[in-house]
Amino acid sequence: MATGSAGFYIRRANKDDMGHILDLIKELAIYEKELSSVEATEETLLTTLGFNDKMPGPSYAKTLLLFSEDDAVSPAGFALYFYNYSTWRSKPGIYLEDLFVREKYRGRGYGKALISALAKEVERVDGARLEWSVLKWNTPSIEFYESEAIGATAMSEWQTMRVDGERLKKLAIQGPTVQESGLPN
């Protein structure tokens, strides 16, 4: 997923990029006023991010890094994503978990470039959609996403739900064992 004529390039993250990815995650968390919520480490990222560029592999998420011609060592931004699935369309898609461009690089089209690269990946896997969430207070991002540049539509009829922490553990304890296949023993 490389591009190049506009003074930047995008590449898939590899195992040597964990420090850069963690730095970007922390900078995003600072922007969202949630730095104390970051539990990720280079080690946990290494065991949960995937590096297979051919197909959705046995990983939980993948990362694209964007580098500016100003600095070919430290990324200007990133997009961390994973594959999802539309049951009604019977097609895969991509969920953009995090998109972040460092402040000094904003306004150069890097956010659009990262989202466009993901749209290209959705097309490559014959997918149906590219989705993400945005904090309601983040009006600059919402305006950008809804602009002609991106063309996203807010899904206001949907409510995000989450179970985590102790509640997730409690719910999991209540869950039955799922068999791999075949009839019950």
Side-chain angles (χ1 to χ4, degrees), residues 1-3 8-32 34 37-68 74-102 105-106 108-135 138 140-142 144-147 149-155 158 160-162 164:
M1 280 193 195
T3 186
F8 67 89
Y9 70 94
I10 296 172
R11 70 165 172 80
R12 296 177 192 279
N14 62 53
K15 293 178 182 181
D16 296 327
D17 293 318
M18 296 307 102
H20 291 307
I21 294 169
L22 184 57
D23 288 345
L24 288 161
I25 289 170
K26 288 178 179 178
E27 288 179 44
L28 172 61
I30 290 168
Y31 176 77
E32 293 181 351
E34 289 288 337
S37 298
V38 175
E39 297 178 9
T41 66
E42 288 186 36
E43 293 75 26
T44 61
L45 292 171
L46 188 60
T47 61
T48 56
L49 295 179
F51 309 102
N52 176 0
D53 64 349
K54 301 298 181 200
M55 291 298 292
S59 62
Y60 298 105
K62 297 175 187 265
T63 309
L64 298 181
L65 297 173
L66 184 145
F67 292 85
S68 169
S74 185
F78 81 125
L80 196 146
Y81 66 99
F82 56 88
Y83 295 89
N84 60 11
Y85 191 79
S86 170
T87 53
W88 291 3
R89 295 181 182 178
S90 185
K91 286 186 170 258
I94 285 181
Y95 187 86
L96 173 58
E97 178 66 22
D98 284 317
L99 174 73
F100 182 72
V101 175
R102 288 184 159 130
Y105 294 108
R106 293 183 192 149
R108 298 186 188 188
Y110 293 172
K112 179 183 178 187
L114 285 162
I115 292 173
S116 296
L118 289 177
K120 186 178 278 191
E121 177 67 5
V122 172
E123 290 289 308
R124 185 186 74 79
V125 298
D126 191 29
R129 61 186 175 211
L130 172 60
E131 297 180 302
W132 61 94
S133 297
V134 59
L135 290 167
N138 194 347
S141 293
I142 293 168
F144 167 63
Y145 298 145
E146 291 179 336
S147 74
I150 303 299
T153 303
M155 304 295 291
W158 290 90
T160 301
M161 303 300 291
R162 177 179 294 161
D164 61 4

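Taking every heavy atom of both residues into account, L118 and I94 meet most closely at O-CD1, 3.9 Å. The two residues A128 and K91 have their closest heavy-atom pair at CB-CB, 3.8 Å. Nearest heavy-atom pair, L22 versus A40, reported as atom, atom and distance to 0.1 Å: CD1-O, 3.4 Å. In terms of heavy atoms, M18 sits closest to K15 at CG-O, 3.7 Å. Contact between L114 and G77 at its shortest, heavy atoms only, is CD1-C, 4.2 Å. What you find for A119 and L130 is that their closest heavy atoms are N-CD2, 4.0 Å.
Between R89 and R129 there is a side-chain heavy-atom pair separated by less than 4.5 Å. In this structure, the side chains of L49 and L80 come closer than 4.5 Å at one or more pairs of heavy atoms. Side-chain contact between T41 and L46 is absent, with no heavy atoms from C-beta onward closer than 4.5 Å. Residues R12 and E121 have side chains in contact (heavy-atom distance under 4.5 Å, counting atoms from C-beta outward). A 4.5 Å side-chain heavy-atom check between S74 and R102 finds at least one atom pair inside the cut-off. At least one side-chain heavy atom of P75 sits under 4.5 Å from a side-chain heavy atom of L24.
In this model, no donor atom of one side chain and acceptor atom of the other lie less than 3.5 Å apart for Y81 and T63. Under the 3.5 Å distance criterion, with hydrogens and angles disregarded, no donor-acceptor pair is assigned to the side chains of S68 and Y9.
Aromatic ring centres of F67 and F8: separated by at least 6.0 Å.
Atom CD1 of residue I25 and atom CD of residue E97 lie 9.5 Å apart, to the nearest 0.5 angstrom. Between atom CG of residue L65 and atom CZ of residue F78 there is a gap of 8.5 Å, rounded to the nearest 0.5 Å.
Among F82, Y95, Y145, F100, the single residue meeting the ring-ring contact (aromatic ring centres under 6.0 Å, His included) criterion with W132 is Y145.
Using a 4.0 Å cut-off between a side-chain N of Lys or Arg and a carboxylate O of Asp or Glu, R11 and D17 qualify as a salt bridge. Remark: K120 does not engage E123 in a salt bridge, criterion side-chain N to carboxylate O under 4.0 Å. Electrostatic pairing of K26 and E34 does not count as a salt bridge here, judged by no charged N lying under 4.0 Å from a carboxylate O.
Residues that satisfy the side-chain hydrogen bond (donor to acceptor under 3.5 Å, both in side chains) test with N138, not counting sequence neighbours, are Y31, S141.
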Please test L96 against E131 for side chain to side chain contact (heavy atoms under 4.5 Å, CB included), starting from the C-alpha separation and ending with a verdict.
CA-CA 6 Å; L96 173 58; E131 297 180 302; over 6 Å; no
Report the C-alpha distance between Y83 and K62 in whole Å, list the side-chain angles of each, state the deciding distance to 0.1 Å, and finish with yes or no for side chain to side chain contact (heavy atoms under 4.5 Å, CB included).
CA-CA 9 Å; Y83 295 89; K62 297 175 187 265; 3.7 Å; yes
Check against side chain to side chain contact (heavy atoms under 4.5 Å, CB included), I150 and K112:
CA-CA 7 Å; I150 303 299; K112 179 183 178 187; 3.9 Å; yes
Could you give me the CA-CA distance, side-chain angles and deciding distance for L66 and V101, then say whether side chain to side chain contact (heavy atoms under 4.5 Å, CB included) is met?
CA-CA 9 Å; L66 184 145; V101 175; over 6 Å; no
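A side-chain donor-acceptor contact under 3.5 Å links S147 to the backbone of F144. Checking side-chain atoms of T47 against main-chain N and O of T44 turns up a donor-acceptor pair under 3.5 Å.
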